[in-house]
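First up is the structure itself, then whatever we jot down about it.
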Amino acid sequence: MRLAGRPGAVFLALVAIALIVAPMGLKPHGVYLISMWAVMSIAAIGLNLTLGYAGQISLAQAAFVGIGAYCSAILTAKFGWPFGGAFALAAVLCFAIGWLLGYPALRVQHHYLAFVTLAFTTLVYLVLRNEEKWTGGTYGISGIPRPSLFGWSTKGGPAFYYLCLFVLAVVSWLTWRLVRSPWGRAFMALRENPLRASSLGVDTRRYTLMAFAIGSALGGVAGALYAPLVEYIDPTPFALGLSLNLLLMVIVGGSGYFFGPYLGAIVSVLLPEWLRVTDSLYLIIYAVAVMLLMVVCPSGLLGLAERLLKPARKEPVARAAAKAAP
Amino acid sequence: MALLQILISGLATGAIYALVAVGFMLLWQTSQTINFAQGEFVMLPAFFVLGAMKFGGMPFWLAIVVGLLLSLIVLGVLFKVLLVDPMLRHGVLPLVISTIALALFFKEGVKTWYAAEAQPFPALWSNDNLEIGGAVISVQNLVIIVVAVTAVLALQWFLARTRTGRCMQATAQNPALARILGVRVERMILYTFLINAALVALASFLISPIYLAKFSNGETLGMAAFIAAIVGGFNQVRGAIAGGLLLGVVDNLAASYISTQYRGAIPLFLLIAVILFRPQGLLGRAEERSV
Amino acid sequence: MTQVLEVRGLSKRFGGISAVEDVSFELNEGEILGIIGPNGSGKSTLFNCILGQLQPSAGSVHVDGRAVTGMRPCDLNRLGVSRTFQLLQVFPQLSVRENLILAGQEHQGTMWSRLVGRGDAGLTDAAERMIEFFRLGHLADEKAGGLSYGQQKLLDAAMAFMSGPRLVLLDEPAGGVNLTMLADLRERLLAINREQNATFVVIEHNMEFVMSLCTRILVLAEGRIIAAGTPEEVRGNRQVIEAYLGN
Amino acid sequence: MKSWNRAALAAALCLAAAGVQAQQTVNIPDVIELSGAGAVSGTNWKDGVTLAVDEINAKGGILGRKIVTTHTDTQSNPGVSRALVQKALDNDPYVLLGPVFSGSVKVNMLLAQQAEVPQFTGAEAADITQMGNPYIFRTSFGQQVSMPKIANYVRDGIKARSVAVVWVNNDFGKGGRDSFIKEMGSRGIKVVADVSTESGQVDFAADVVKVKNAGADCIFVYTNEEESARFLREAKKQGIKVPLLGETTLLGQKVIDLAGDAANGARGHVGLSVDVPVPAIQEFKAKFSKRFGYVPDHNGIKGYTAVYAIKYVTTKIGKFDRKLFAKTMHGLTITPAMEPGILIETSWDDKGDIDRISFLAEVVDGKQKVTATLPKLGK
């Protein structure tokens, strides 16, 4: 989606200002939630790169959030590393593991790739749970400190929110540049027609691995923030459920749209909270809402927006990313 | 003797996986539906039955009939018409998301409107045990193996030998061509959904007396069926039954001889190995894949 | 004249069936070589073997004297060998301009410079010229998927030329294109051939198109070359007529 | 009785201050597992709380104020539970109820401590009360209390030399298993098999084979209810003859219902259960079952008694003072005579740990039969 022109820029500026002033109008609970939204957005942006742009269906993103979270938690809480170092290592580690996980993608595609990455997520969960010596097992790791950066403590909710927001902004800017660079174009070529891409000199192998590695690194970045945000981690949040949830964020927001993950994260993180007014029915209503949304706009919220904004256009063919050939 | 016990118990569990895996695979074949709610599909029919007994005051046998009918309607027809049909032409992923949401809906629905706690479920057969060469197997387990294998073989016979079955296979392999040849493709796809609904209902009635009925039962079962379908071969009915039985045995062997903590990992390694080195599955035919 | 492409004893067998059998030919700079033959005569298999999409069972391929047998398509492309496909192969979600920039970008700079450098890899002007050349100007910002079939064929061909290739292999460029568009395409191909001394290999069923475009023609039947020569020579060849009509 | 006077005085003062005070409410939010792995425990807890709150409100509330309780679902996820506790704290709660999962408790007890809000938790992990948090209170035995009791039984009752342990690999089962094995070590009893099982596991054949082959004198089973039932059935099928021991969950009526006659002979320690022969608890069980249509487990009692403890303490101190509430709780004993809703005499120590009588029981003919009553530790 191109939010081209002035209205788009103005709108974005307004959103940015709203995000900056948000903590002033919110109670600590609200600040915590939008911090969680920012963190999940980062993870979903990563998945959107791998899946939405490069067309590689991955259900491994939860594992990378988990690896990032444990990396930052173990290094800061157990070894007293500064946050910056742990954060960087989490990103690099996930980049490397993501690169390796890309190799199966060179052999298999579509649903088969989804199954392999699904298995990977569950395997990582088992390791996190069973290797108690390192990960604390089911006891988890508590007392994860919120960092001080350049003498500025992020202990308080709003301060940590600004850290999350800052990272989100940097990630957004880098991703924006990436998807508009030749790399982004090559990713999309990979998604739409790898055979043709290869005949145009696009090194599909290298770009596939890169799409996995970068997407996974962003998962790690999100994890590295998740751990100090919650200040406690155990393996359960990083099981397959989170992968499916992140997939939901990308698809519901609009796979392959730059702003899709931000909207998707709203749906996944904030919508259930808003629905809590319905008490014990809130998850049921949430499930129905997601199904309705998918029936009404299978190409996600931004796909719907695009369709409504450009009614003259023919309905675009189903996005290649969403297509799994038999 | 211990090994025999493990093998026999593994086969009994594997038969259930197979039953669920077959339906899973049929849906994929004919309509490219990766049903992430398949486990919940197995969980639900038992609650249809319990609900019919509790709220409708029906006797058990009648409740079973009602449960089967409800399954056919809800998990067969409604699932297809309301969820799959509108999304099918938009590729696999929106439908995947929908089935994930559907799984949540079923789980939460049962929990909210029936009970969060595990429920006992009346047994269809006696709970006696038989002894085979030192290993013990319950009559119920034996019945499960027999019924599952029979059902799958009957299904295979149906698909290969009857006209409708062959039309269904034609639809699965090439819907466009099938349509040209005069096959009523829409109807064939509906049959697939009905067969799946019947299979999961059967699985539900067979296992609930042993495993109890609980809203969260689908989580484990769905995953197992999923792995069984892929390992056995995504395009072969007998592949799915081989996959299911293999998985049941491998799971028990892993727990016995490798590590109970990592018992869940072994089937996953099996899954990854099969996908990477024999993607058509152990018994499947090679399938055309994009390079 | 310099030799651009040399194929020696190329064979491809699938199981026991031989799709291409001992095919040899060479191609000089500026030539337009047509390859014709009945359906199933192995034309596309031959293409795919030359282009590294399939691994040949035997034989060798040289481009500019360099052995490229079995090289990956993307590496081959970066050596200056470009192609179009029999079936439509554009990127439907990208605009016409983006399609063209993509087609050229991997020939510029390094992986790193493509990551941090300009978004268009400095190719906007080149793409603009190509758009003009193929007369797609009014469609530059349209998504390629929204173009008509013939327009997509033109775009497909334009993409093949975007990297300034040394050799272009065109797989049925005329298939399914209407007459006006066909004349357009032929004229554009001849213009490129003239202006840039570009070298082509064309697989085609449309005899008229081939005869009017190519300088030399190879005839394939059951995986073997049964005739070769100028369009006039081939037209009169008895074996060729038999191969087409069957016996 | 001095406290009663003070309460009356406080109530009178409140009424005097403004006529509308009678309509005032007290906010006691409940943050609990209502979906995900903890849903069963959480639902029981929630219904127990609801029952108590409704009873108290029907009788006029606490110090004339009606209790307002919102139940929010943590989805059994510590990150979500943290958000919800934050939300609860944002609304100036008097006391906090829940959650049951110890991982979640570890996250949010720090928040409650910072806000100086007392918190009643259903968690049983040993370390929760060992972090020096003066605002956390248990509603049942911690595993560091219950495991020594069952360990003594293994040594003195069963006279076992070796034991096999079967546990569910989540934060409930792992914590119990670790405490139990430590207790076995200190008593010189050998652990010959250590079998981890999965939450939601259906096939226990391999696990039973394993413990059977280990040849232990007894088997300790520490899993959730339905897994316990499945294990018991498989154990019976494979003809296990040695005693099967458990802690609270294994002997519950729920497990007995689910496992059928396979449960017969199972024995062990029961901390808190609706099956013990205490009239007040039987009455509670009847009320609960009538209202919610199912038989509660110990989490139902935990939720119920927590609310009554709040009522008693608040009435005792005569005002809604959180700090004083926490201070009063330490070293407090509540007997059914003082507050019938507590069901059974209960004491809290200075760390927030609980002390009650408990029971040794055995399943006989499909019923839990108490064979001995263990006194409170403090007596």
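Below, all heavy atoms of this structure are taken into account, side chains as well, without hydrogens, waters or symmetry copies. Below, read A as the first sequence line, B as the second, and so on, with proteins coming before strands; counting in each chain starts at 1.
Considering CZ of D/Arg82 and OH of A/Tyr32, their distance stands at 5.5 Å, rounded to 0.5 Å. Taking CD from A/Glu132 and CG from D/Asp178, the interatomic distance works out to 5.5 Å, rounded to the nearest 0.5 Å.
The minimum heavy-atom distance between A/Asn130 and D/Asn169, with the atom names listed, is OD1-ND2, 3.4 Å. The two residues D/Ser35 and A/Leu283 come nearest to each other via the heavy atoms OG-CD1, 3.4 Å. For the pair D/Val80 and A/Arg276, the tightest heavy-atom approach, listed with the atom from each and the gap, is CG1-NH2, 3.6 Å.
Scanning residues 231-244 of chain A against chain D with a 4.5 Å heavy-atom cutoff picks out A/Glu231, A/Tyr232, A/Asp234, A/Thr236, A/Pro237, ordered by number. Residues of residues 83-110 of chain D lying under 4.5 angstrom from chain A, judged on non-hydrogen atoms, are D/Ala83, D/Leu84, D/Gln86, D/Lys87, D/Asp90, D/Asn91, D/Gly103, D/Lys106, D/Val107 in numerical order.
D/Asp73 and A/Tyr282 form a side-chain donor-acceptor contact under 3.5 Å, judged by distance and modelled atom types alone.
With respect to chain A, the highest number of heavy-atom pairs below 4.5 Å among D/His71, D/Gln75, D/Lys46 belongs to D/Gln75.
In the displayed structure, A/Trp134 atom CH2 is contacted under 6.0 Å by at most 12 heavy atoms of other residues, nucleotides or ligands. A 6.0 Å sphere centred on NZ of A/Lys78 holds more than 12 heavy atoms belonging to other residues, nucleotides or ligands.
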